[in-house]
Visitor: 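Can you keep this structure in mind? I'll have questions shortly.
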Amino acid sequence: MANFAKPDAPRFSVDVYQNEYLPEGGREVNAIVTVTATGGGTIGKGPGTAVPGRRPSAAVAVMVDCSGSMDYPPTKMRHARDATAAAVDTLRDGTHFAVIGGTHVAIEVYPGGGRLAVAGPDTREEAKRALRRLSAGGGTAIGTWLRLADRLLASADATLRHGILLTDGRNEHESPDDLRAALDACAGRFTCDARGVGTDWEVKEVTGIASALLGTADIVADPAGLAADFTRMMETAMDKEVADVALRVWTPVGTAIRFVKQVAPTVADLTGRRAEAGPRAGDYPTGSWGDESRDYHLCVEVPPAGLGREMLAARVSLVVPQPDGTAQNLGAQGLVRAVWTDDMTASTAISPQVAHYTGQAELAQVIKQGLDLRKVGDFDGATAKLGRAVQLASASGNADTAKLLAKVVDVVDAATGTVRLKTRVAEADEMTLETRSTKTVRVKK
């Protein structure tokens, strides 16, 4: 473990869990890298910007679906207004913020004029008065909401930029390519939490937005729960202390990275998001951090070596990339090793951390596969996949996912994964399982 920090700066630590022993000819090295951040100050976007005792500057844009479907039932729009007002009340004084109304176009609800307001007693009340005028009507083009949020957030000299997006329907008034282009344009510029309210929205769209912008996704099946959810989201956003942290992975000559995945608290594949960072090094974005801990699964392929040889397979550190192409090193690093041995007991042992998270990643995958098969009428295939999911959830102690699965299948034997598909499943239960399928439980170390 390595743990370094300057005074008054957030402290990051890195722990590596692996079985470093390989059999003769072995080439695949797996490790779980646990990154933990604890508060203690702020870190900014350049030299000398850490300010002891003061939180970093923040800018937030709340995007509220105002399409025509938000009037069905009429209470949905009222709950959305109340939830946005609750989020505004949760803003820390001095936070830059804006509220956007989203239909087939994006409208500046507050403050308007292409600018952001600064949170304080007066601006909070003004924002809530503006929210009362929100009404439903029009279509849905989420990419336009995100692009407006990006323009507004970029106008603030803020360290942390964050969005909250609420939708109740499918993105029917722009093409999937338009939404993807908007996400590509916004990626790395701000993080975004996405929520679907009710059951008429598309899970893959909402989870795709959150994944691209390194935020969270969830369902709020009952609109009455929006205010509590928005408050929690905003509290979490206000607790962030460091923005744009990247996992920097260096590997020696002859070594190749097979994948880098976040595996806790949710599963997210970061492999394709690599940004080159010098000779044999790449940065994998992790978003903003508060006081929290996350786990990453690193898999590298090393060149074969003789028995008794050992090598450094990878070095993992944490950095904040700077606009000028340099990077601020956060001081924590972990080492992944490879040692070749003829001790069969040592080389065939599986790290419990690696085994646990391999199962958690498979759990997320088979849930999605099972639900997709169920939707197209392949009930035998769906039963097999969801049975495997029940087995994995039971073995890993993922009680929350097990409860969600039990609303979609009747569990005969969890240990063997023997299940029967339920003939009737509430749409909200199926969508909740799909939306939360990537949530994992931490390994018991």
Side-chain angles (χ1 to χ4, degrees), residues 1-18 31-58 157-162 187-191 213-215 236-251 257 260-266 268 270-271 273-298 300 312-336 442:
M1 181 184 82
N3 184 350
F4 307 97
K6 296 178 181 179
D8 301 314
R11 296 177 180 273
F12 281 81
S13 64
V14 173
D15 293 279
V16 176
Y17 301 91
Q18 67 164 133
I32 298 300
V33 178
T34 296
V35 179
T36 303
T38 55
T42 71
I43 229 167
K45 273 293 194 179
T49 55
V51 182
R54 188 184 303 167
R55 284 193 176 276
S57 57
D157 183 17
T159 300
L160 296 158
R161 296 185 177 92
H162 189 74
R189 293 174 59 81
F190 66 94
T191 55
L213 301 182
L214 300 175
T236 300
M238 292 294 96
D239 283 342
K240 299 297 184 184
E241 297 219 31
V242 191
D244 304 327
V245 176
L247 202 68
R248 176 164 290 181
V249 182
W250 175 91
T251 52
I257 294 179
V260 177
K261 297 178 182 178
Q262 178 180 290
V263 288
T266 58
L270 304 178
T271 312
R273 302 189 186 189
R274 176 185 173 103
E276 295 303 321
R280 302 189 302 279
D283 289 348
Y284 299 85
T286 67
S288 301
W289 287 71
D291 285 1
E292 59 189 296
S293 184
R294 306 179 198 172
D295 293 335
Y296 299 88
H297 185 173
L298 173 62
V300 298
L312 176 63
R315 182 173 64 240
V316 180
S317 58
L318 298 166
V319 300
V320 177
Q322 303 295 303
D324 62 2
T326 62
Q328 182 176 2
N329 196 311
L330 299 183
Q333 73 170 20
L335 305 178
V336 180
R442 301 296 295 275

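From a predicted model like this one, the values you see are computed outputs, not experimental measurements. Scope of the values below: all heavy atoms of this structure, side chains included, with no hydrogens, waters or symmetry mates.
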Visitor: Roughly how far, to the nearest 0.5 Å, is CG of Asp295 from NE2 of His297?
Guide: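 Rounded to the nearest 0.5 Å, the NE2-CG separation comes out at 11.5 Å.
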Visitor: Indicate the atoms forming the closest heavy-atom contact of Ala37 with Gly290, along with that distance.
Guide: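 That closest heavy-atom pairing would be CB-O, 3.4 Å.
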Visitor: I'd like to know if the side chain of Gln322 reaches the main chain of Val320, judged simply by a donor and an acceptor atom lying under 3.5 Å from each other, with no hydrogens or angles considered.
Guide: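 Yes; judged by distance alone, with no hydrogens or angles, the pair exists.
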Visitor: Using the side-chain contact (heavy atoms from CB on, under 4.5 Å) rule, take Leu312 and Leu335 through it: C-alpha gap first, then chi angles, then the decisive distance, then the call.
Guide: CA-CA 7 Å; Leu312 176 63; Leu335 305 178; 3.8 Å; yes
Visitor: Do Trp289 and Val35 pass the side-chain contact (heavy atoms from CB on, under 4.5 Å) test, and can you show the C-alpha distance, the side-chain angles, and the key distance before you say yes or no?
Guide: CA-CA 10 Å; Trp289 287 71; Val35 179; 3.6 Å; yes
Visitor: Does a side-chain heavy-atom distance below 4.5 Å link Val336 with Gln18?
Guide: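 Val336 vs Gln18: side chains touch.
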Visitor: Does Thr159 offer a backbone N or O that forms a donor-acceptor pair with the side chain of Ser57 under 3.5 Å?
Guide: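 Checked: pair present.
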Visitor: Is there side-chain contact between Val242 and Gln328, with heavy atoms separated by less than 4.5 Å?
Guide: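 No, their side chains stay 4.5 Å or more apart.
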Visitor: Below 4.5 Å, heavy atoms only, C-beta onward: do Val33 and Asp15 meet side chain to side chain?
Guide: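 A side-chain contact under 4.5 Å is absent here.
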Visitor: For Asp157, give me all partners under side chain to side chain contact (heavy atoms under 4.5 Å, CB included), at least two apart in sequence or on another chain.
Guide: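 In terms of side chain to side chain contact (heavy atoms under 4.5 Å, CB included), with neighbours along the sequence ignored, Asp157 is linked to no residue.
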Visitor: Using the test side chain to side chain contact (heavy atoms under 4.5 Å, CB included), find all partners of Ala246 that sit at least two apart in sequence or belong to another chain.
Guide: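 Partners of Ala246 by the side chain to side chain contact (heavy atoms under 4.5 Å, CB included) criterion, ordered by chain and then number, come out as Asp283, Val319, Pro321.
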Visitor: Starting at CG of Leu330, measure out to OG of Ser13 and round the result to the nearest 0.5 Å.
Guide: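 One gets 12.0 Å once the value is rounded to the nearest 0.5 Å.
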Visitor: Under the rule for side chain to side chain contact (heavy atoms under 4.5 Å, CB included), what residues qualify as partners of Thr236, not counting sequence neighbours?
Guide: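 Side chain to side chain contact (heavy atoms under 4.5 Å, CB included) check on Thr236 returns Lys240.
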Visitor: Roughly how far apart are Arg248 CZ and Leu318 CG, rounded to 0.5 Å?
Guide: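 Interatomic distance, Arg248 CZ to Leu318 CG, rounded to 0.5 Å: 10.5 Å.
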Visitor: Are any non-hydrogen side-chain atoms of Val245 and Phe12 less than 4.5 angstrom apart?
Guide: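 Heavy-atom side-chain distance check passes, below 4.5 Å.
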Visitor: To the closest 0.5 Å, what do you measure between CZ (Arg161) and OG (Ser288)?
Guide: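 Reported to 0.5 Å precision, the distance equals 10.5 Å.
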Visitor: Answer whether the closest heavy-atom distance between the side chains of Tyr296 and Ile32 falls below 4.5 Å.
Guide: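 Side chain of Tyr296 against side chain of Ile32, heavy atoms only: no contact under 4.5 Å found.
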Visitor: Flag the pair Leu213 / Thr191 as yes when at least one side-chain heavy-atom distance between them is below 4.5 Å, and no otherwise.
Guide: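 Counting from C-beta outward, Leu213 and Thr191 never come under 4.5 Å.
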Visitor: Could you tell me if Asp291 and Thr38 have a donor-acceptor pair between their side chains, going purely by distance under 3.5 Å?
Guide: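 Distance-only check fails for Thr38 and Asp291.
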Visitor: Mind checking salt bridge (charged side-chain N to carboxylate O under 4.0 Å, His left out) for Arg280 and listing every partner two or more places apart, or none if nothing turns up?
Guide: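 Partners of Arg280 under the salt bridge (charged side-chain N to carboxylate O under 4.0 Å, His left out) test: none.
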Visitor: Within the side chain of Arg294, is there an N or O that forms a donor-acceptor pair under 3.5 Å with the backbone of Thr286?
Guide: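 Pair found, side chain donor or acceptor close to backbone of Thr286.
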Visitor: What pairs with Thr36 under side chain to side chain donor-acceptor pair (under 3.5 Å), at least two apart in sequence or on another chain?
Guide: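 If we apply the side chain to side chain donor-acceptor pair (under 3.5 Å) test to Thr36, skipping adjacent residues, the hits are Ser293.
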Visitor: Checking Ile257 now: which residues fulfil side chain to side chain contact (heavy atoms under 4.5 Å, CB included) with it, not counting sequence neighbours?
Guide: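 For Ile257 the side chain to side chain contact (heavy atoms under 4.5 Å, CB included) partners, ignoring immediate neighbours, are Val249, Thr251, Val260, Arg274, Tyr284, Leu298, Val300.
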Visitor: Give the intermediate values and the outcome of side-chain contact (heavy atoms from CB on, under 4.5 Å) for residues Leu214 and Gln262.
Guide: CA-CA 11 Å; Leu214 300 175; Gln262 178 180 290; over 6 Å; no
Visitor: Evaluate Gln333 against Val14 for side-chain contact (heavy atoms from CB on, under 4.5 Å), listing each step before the verdict.
Guide: CA-CA 6 Å; Gln333 73 170 20; Val14 173; 5.8 Å; no
